[in-house]
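Accompanying notes for the structure given below.
Numbers here simply count residues along the sequence, with the first being 1. Small disclaimer: the values here were computed from a predicted structure and weren't measured.
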Amino acid sequence: MGSQETETSNLNLGQGTYRDEEGNPWVLPSVNKARESLLAQGLQHEYLPILGFQSFREETAKIILGDLFKEQASTSLSHQITQDLISEPTWSNHHQIFQSLGFPCESFKYYNHDTKNLDVESYYSTLRQAEPNSVEILHACAHNPTGCDPSKEQWREIADLMKARQLFPLFDPAYLGFNSGNFAEDAFPIRLFIGEMKMEAGVCVSFAKNMGLYGERVGCVLVSANDKQVAVNTQSMLEMLERSEISNTPAFGARIASQLLENDELRHMWFQDMMTMSYRIRSMRVELYEKLVSFVTPFLQHFSVGCSCLQGPLGLGTI
């Protein structure tokens, strides 16, 4: 096909970024307006406090937890982890992050290649046999790379098993709102574990995808606990880690995200932008499948249109 420099029809399918119909990066209208608002206010570039931009942290907790939001809800993992349970397949960095910290990682079969679906029995069996105090990495929605998510009933069974075995859920919700087009719908598992099940949990939030802030590295770590003193102790630990790891958090993207989260008008615009991206991806996926059918491609031997993996817009795999 030639190199990308000489073939304008080539597309980079390896990078997990949203593109418009011309194949160009799409800056969300809500993000544009938030940026204009920041400039009008007189944007400055001072250092942030060690814990980051306070309003961004608070607004992130509010939108993730909804009515469950409480200040200073956090706990510590550092002296409790026995092993990390990670789905197979998964995002490769999940293994790299925990292995670099010296924690043992245990993979379990998540996807059934024969049924082209979630291998839920393998999942349940793994949880029943897991060592207490293990941490499980949970993809809140749009499982990467399969796109197969548990149903709400299956999420409840997973939560029951994890609570019974005293396992700690660590959510990686990279596609909230970007998956179904509805933020609250995609956050269901997080709110189930923390609210309905009253479980302590960690949530590593990213706004790279759903706000299109890929290069700004906008994220936030939330950890919910049942003990306020543990929360206070952990905040101190997180401050120490923050100082030793990166010294100071990036500010510009956090300020944009905070504008979207705390302003009613901008938040509504952002919800509409997520629907635009989600529904367009869904329609493109259907069109791709129909083209594959028309060309009788061997790809169809490995993929089924009836698979539940097609429920979300990222069902052909995500990065």
Would you say the side-chain atoms of [X] and [Y] include a donor-acceptor pair closer than 3.5 Å?
X	Y	answer
H143	S87	yes
S37	Q41	yes
N32	E36	no
Y123	E136	yes

Practice item. Can you label the angle between the H94 ring and the H139 ring as parallel, tilted or perpendicular, going by 30° and 60°? Key: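 Because their plane-to-plane angle is over 60°, the rings of H94 and H139 count as perpendicular.
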Check your understanding: Which of parallel (below 30°), tilted (30 to 60°) and perpendicular (above 60°) describes W155 and F171?
Key ->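 W155 and F171: tilted rings.
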Do [X] and [Y] have side-chain heavy atoms sitting under 4.5 Å apart?
X	Y	answer
I158	P150	yes
N179	S278	no
S107	H95	yes
C220	F56	yes
L261	K62	no

**Study point:** Salt-bridge contact E287-R280 (side-chain N to carboxylate O under 4.0 Å)
**Key:**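 R280 and E287: not salt-bridged.
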**Study point:** Spacing of Y124 atom OH and D119 atom CG [to the nearest 0.5 Å]
**Key:**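 Answer for the OH-CG pair, Y124 versus D119, is 11.0 Å.
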Review point. For the rings on F183 and F178, is their centre-to-centre separation under 6.0 Å?
Key: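 Between F183 and F178, the centre distance exceeds or equals 6.0 Å.
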**Study point:** Geometric cation-pi criterion R255 and F53, 6.0 Å radius, 45° cone
**Key:**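 Pair R255/F53 counts as cation-pi.
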**Study point:** Nearest heavy atoms of R191 and A184, plus distance in Å
**Key:**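 Shortest heavy-atom separation between R191 and A184 comes out as NH1-CB, 3.7 Å.
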